[in-house]
Protein chains: 2
Amino acid sequence: MPKTSLNPQNLESVATRFRILGVPLRLQILNELASGERTVTALVEATGSTQPNVSKHLTTLLAHRLVKREKRGNSAYYSVADPAVFDLCEIVCGNIERSLEEERRAFGG
Amino acid sequence: MPKTSLNPQNLESVATRFRILGVPLRLQILNELASGERTVTALVEATGSTQPNVSKHLTTLLAHRLVKREKRGNSAYYSVADPAVFDLCEIVCGNIERSLEEERRAFGG
DNA sequence: TGACTATATGATTATGTGCTCATATAGTCG
DNA sequence: CGACTATATGAGCACATAATCATATAGTCA
């Protein structure tokens with residue numbers, strides 16, 4: 001039944017999810033949010049990007065339900081919607097590790 | 001220590017991995033390869049795409065070590081390099097499920 | 001060798017999107 | 001209200017890349 005995971009309807013949705021995560025700045029934002037909720041300004045400082053850019057990526061992440069938004073006072077507080085995204089990053093990192101390992105073996109590192 | 005997973009050096013690598021998986025046809029190919037090795041022709045038939053297109057995506061997947069290639073006779077047999085990619089898809093599907101669930105709750109489905 | 005099948009690749013086009021700039025919206029405080 | 005801070009958004013540019021077509025490469029078999 002994992003076979004149903006990638007049926008045609010899901011295919012586009014899954015691909016989209018992956019594409020959302022395929023932008024370094026967005027990963028950086030999520031990584032920052034891993035420590036807790038953050039305001040846009042805080043994320044701008046943490047990432048070194050511009051305010052409009054961070055804001056737009058947050059809008060994208062919000063639209064795809066990867067983050068939550070809560071407005072308090074003058075600020076917007078963003079937080080991770082589903083911590084499972086970090087599992088994804090863990091797997092990918094492990095994957096990359098194994099790739100590099102294989103590379104080392106291949107070239108007799 | 002999961003914090004180190006997304007250090008600046010890794011950030012680009014991780015993002016790239018995600019981007020590779022962010023193309024429906026590539027997911028379709030990987031999904032097909034989940035059942036075992038396949039030739040390019042078999043993948044062309046299975047996906048309904050064109051030969052050059054499938055071939056190029058396979059080249060991309062190969063370059064990023066997501067698949068392996070073995071040439072036997074006249075054909076090239078591709079297979080999944082690291083089955084962990086399917087864990088990724090599982091997580092993403094679960095993620096999407098929860099999103100939809102939340103949506104249903106929000107709209108009183 | 002020539003005919004055939006299988007796969008890869010170069011050139012081109014089309015499209016999506018990340019980034020920047022300027023500006024708009026919204027909330028707080030005096 | 002006006003001044004300020006925080007956030008969002010529209011327009012435009014720049015770039016990456018997925019898809020297509022034509023063609024090249026490579027292997028098999030007669």
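Computed from a predicted structure; not experimentally measured. Proteins get letters first, then strands, A, B, ... in listed order; numbering begins at 1 in each.
- Counting non-hydrogen atoms under 4.0 angstrom, B:Arg72 reaches nothing in the nucleic acid.
- Take A:Val92 and apply the side-chain contact (heavy atoms from CB on, under 4.5 Å) test, not counting sequence neighbours, and it matches A:Ile96, B:Val14, B:Arg17, B:Phe18, B:Leu88.
- When the nearest nucleotides of DNA chain C are assigned to B:Leu58 and B:Asn74 by heavy-atom distance, the more 5′-ward of the two goes with B:Asn74.
- Scanning DNA chain D 5' to 3' for nucleotides with an atom closer than 4.0 angstrom to a non-hydrogen atom of chain A gives a first and last hit of D:dT5 to D:dA11.
- Using a 4.0 Å heavy-atom criterion, one finds that B:Tyr78 contacts the sugar-phosphate atoms exclusively.
- Under the side chain to side chain donor-acceptor pair (under 3.5 Å) criterion, A:Thr39 pairs with no residue at all, not counting sequence neighbours.
- In terms of the side chain to side chain donor-acceptor pair (under 3.5 Å) criterion, A:Gln51 has no residue partners (sequence neighbours excluded).
- Taking the side chain as every heavy atom from C-beta outward, A:Arg72 and A:Tyr77 approach each other to under 4.5 Å.
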Practice problem: Take A:Arg38 and A:Glu45 through the test salt bridge (Lys or Arg N to Asp or Glu O under 4.0 Å) and record every step on the way to the result. | Solution: CA-CA 11 Å; A:Arg38 294 280 188 278; A:Glu45 287 169 4; over 6 Å; no

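- Using a 4.0 Å cut-off on heavy atoms, the residues of residues 48-56 of chain B that approach DNA chain D are B:Thr50, B:Pro52, B:Asn53, B:Lys56, listed by number.
- Between A:Gly73 and A:Val23, the residue anchored nearer the 5' end of DNA chain C, judged by the nucleotide with its closest heavy atom, is A:Val23.
- Residues meeting the side chain to side chain donor-acceptor pair (under 3.5 Å) test with B:Arg98, sequence neighbours left out: A:Asp82.
- At a threshold of 4.0 Å, the pair A:Lys68-A:Glu70 does not count as salt-bridged, since none of the basic side-chain nitrogens sits closer than that to a carboxylate oxygen.
- Between A:Arg26 and A:Leu21 there is no side-chain heavy-atom pair separated by less than 4.5 Å.
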